[in-house]
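Lettering of chains follows the sequences in order, A, B, ..., and the numbering in each one begins at 1.
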Number of protein chains: 2
Amino acid sequence: MTEDRAERHRARMARRKARVDADIAAAAQDKGLLLVLTGPGKGKSSSAFGMLARALGHGHKVSVVQFIKGRSDTGEEAFFRRQPGVDWQVCGAGFTWETQDREQDIAAARAGWAAAACALADPTVNLVVLDELTYLFSYGYLDLATVLADLAARPPMQHVVVTGRAAPQALIDAADTVSDIGDLKHAFRAGVRAQPGIDW
Amino acid sequence: MTEDRAERHRARMARRKARVDADIAAAAQDKGLLLVLTGPGKGKSSSAFGMLARALGHGHKVSVVQFIKGRSDTGEEAFFRRQPGVDWQVCGAGFTWETQDREQDIAAARAGWAAAACALADPTVNLVVLDELTYLFSYGYLDLATVLADLAARPPMQHVVVTGRAAPQALIDAADTVSDIGDLKHAFRAGVRAQPGIDW
């Protein structure tokens, strides 16, 4: 009886493995990917930072531009700044309701894109993270066509991860992988403030 | 005219800041969070690894148990194993269609939970990542009630991140924050294989 079950399991999994292996064999291309992590749920920036760690584990060179920055004491910044192979730039003085200064926000956005464009033009950079970039399109602080052109002209094997809510459709169209992170539940709504190590 | 626009922006953002500040003031509690990252999209494990980096940036002690492990050469494992404050355990020999051995998979799942239970009982561990745990419930390899009891009994300030598709409802009910990662687009379906630094 138990042997029967084990054998049925083995046979079912062998069929499944054949299907999975065929799918894997069909995907043989290597390519610099444009990934977009959007949606209201928790996990957009943290996923980008996880990919940074992965890339560093392969000895890759990475570049990060943070476009909106609510605080200067984040765990991710402290941690990654001390790793070799990381260039980390903060361009932004917080959310637009914190600065309340449209001209200053636009200047920070443009400085941020200048830094991003440098990374996107450097073939030695394997991964570029553009953290919270999408908000700049929502506010009209950056020209989407310019951004898409710079992304399209980057080195062919360079990966780029863009995070932020409400990614514009043209960015989604240009991307290779897009995750839309739904917010089923968030501790903040239950009265828990942002926790170090989790939220910042 | 431009000054007008700047002033309207300032006033609108000041009202928004008042609302945001009120929400933040209402969330004053500190708590060890249970986070679940589920759904078919890219970003579940990478988000957990990003939170690891955040936690390490705050000098926290972290513990990772990987329950399903397709390969032994991942960037995340290479990177985090060389960081101080990280305990990293791999319990699993790959997806069940790779091993094709139900008894071996169940033994690995139980060994994994024993390792997890140790971390969950240790008040010096600030963050526990249970990577790809949910699959073990889908396959019936672990008892959900035992897992929920161990999670509930952990130190009150300890954070836990669980990843994997199709999280069971009872786990979602027990969680503080749940993100459901939708797969809008994935490079794999366009013929691109898993890329180092992004997917592993």
Side-chain angles (χ1 to χ4, degrees), chain A residues 6 9-10 13-14 16-17 20 26-31 33 37 41-43 46-51 53-58 60 75-76 78-80 96-98 100 102-103 126-127 159 172 175-188 190-193 195-198 200, chain B residues 6 9-10 13-14 16-17 20 26-31 33 37 41-43 46-51 53-58 60 75-76 78-80 96-98 100 102-103 126-127 159 172 175-188 190-193 195-198 200:
Chain A
H9 176 84
R10 199 206 56 74
M13 290 305 136
R16 184 152 174 194
K17 176 171 165 55
V20 171
Q29 196 194 344
D30 286 317
K31 189 190 174 196
L33 300 174
L37 295 151
K42 156 111 186 117
S46 53
S47 177
F49 300 142
M51 286 185 261
R54 274 192 172 140
L56 292 170
H58 289 285
H60 293 177
E76 57 268 30
F79 179 73
F80 282 113
T96 183
W97 57 87
E98 289 295 339
Q100 300 179 23
R102 189 178 151 83
E103 290 311 312
N126 302 91
L127 170 61
H159 302 301
I172 289 174
D176 300 285
T177 294
V178 181
S179 292
D180 184 35
I181 306 193
D183 176 7
L184 285 193
K185 221 176 189 183
H186 201 296
F188 184 73
V192 181
R193 67 177 163 177
Q195 296 294 298
I198 296 294
W200 56 280
Chain B
H9 176 85
R10 200 207 55 75
M13 290 306 138
R16 182 149 174 196
K17 177 171 163 56
V20 171
Q29 196 194 344
D30 286 317
K31 188 190 174 196
L33 300 174
L37 295 150
K42 155 109 187 119
S46 51
S47 177
F49 301 142
M51 287 185 262
R54 274 191 173 142
L56 292 170
H58 289 285
H60 292 177
E76 57 269 29
F79 179 74
F80 282 114
T96 182
W97 57 86
E98 288 295 339
Q100 300 180 24
R102 189 178 151 84
E103 289 311 311
N126 302 91
L127 170 61
H159 303 300
I172 289 174
D176 300 286
T177 293
V178 181
S179 292
D180 184 34
I181 305 193
D183 176 7
L184 284 194
K185 222 176 188 182
H186 200 296
F188 184 72
V192 181
R193 65 177 165 179
Q195 296 294 298
I198 296 293
W200 57 281

Heavy atoms only, distances under 4.5 angstrom: which of [options] has the most pairs with chain B? Name it, please.
options                      : answer
A:Gly41, A:Gly43, A:Pro196   : A:Pro196
A:Ala175, A:Gly182, A:Ala14  : A:Gly182
A:Asp183, A:Ile198, A:Ile181 : A:Ile198
A:His60, A:Arg102, A:His159  : A:Arg102

Residues in salt bridge (Lys or Arg N to Asp or Glu O under 4.0 Å) contact with A:Lys17, at least two apart in sequence or another chain:
A:Asp21, B:Glu98
Before giving the answer on side chain to side chain contact (heavy atoms under 4.5 Å, CB included), spell out for A:Val192 and B:Asp176 the whole-Å C-alpha distance, their side-chain angles and the decisive distance to 0.1 Å.
CA-CA 9 Å; A:Val192 181; B:Asp176 300 286; 5.7 Å; no
With chain A as the partner, which of [options] has the greatest number of non-hydrogen pairs under 4.5 Å?
options                     : result
B:Asn126, B:Asp30, B:Ile172 : B:Asp30
B:Leu37, B:Val178, B:Asp180 : B:Val178
B:Trp200, B:Phe188, B:Phe80 : B:Trp200

Give, for atom CZ of A:Arg10 and atom CD of B:Gln100, the distance between the pair rounded to the nearest 0.5 Å.
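Atom-to-atom, A:Arg10:CZ and B:Gln100:CD are 6.0 Å apart.
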How many angstroms lie between atom NZ of A:Lys31 and atom CZ of B:Arg193, to the nearest 0.5 angstrom?
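Rounded to the nearest 0.5 Å, the NZ-CZ separation comes to 14.5 Å.
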Non-hydrogen atoms of chain A under 4.5 Å away: do they reach the side chain of [X], the backbone, both or neither?
X        : answer
B:Ala190 : backbone
B:Leu127 : side chain
B:Leu56  : both
B:His9   : side chain

Toward chain B, the part of A:Ala26 with a non-hydrogen atom under 4.5 Å
backbone
Chain B contact via A:His186 - which portion, at a heavy-atom distance below 4.5 Å:
both
Report yes or no: does [X] contribute a side-chain atom to a donor-acceptor pair with the main-chain N or O of [Y] at less than 3.5 Å?
X       : Y        : value
A:His58 : B:Ala78  : no
B:Lys42 : A:Thr177 : no
A:Ser47 : B:Ser46  : no

Can you give me the closest heavy-atom contact between B:Phe49 and A:Arg54, atom names plus distance?
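Nearest pair, atom of B:Phe49 first, then A:Arg54: CE1-NH2, 3.7 Å.
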Quick one: sort the A:Phe79 and B:Phe79 rings into parallel, tilted or perpendicular, breaks at 30° and 60°.
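Aromatic pair A:Phe79/B:Phe79 classed perpendicular.
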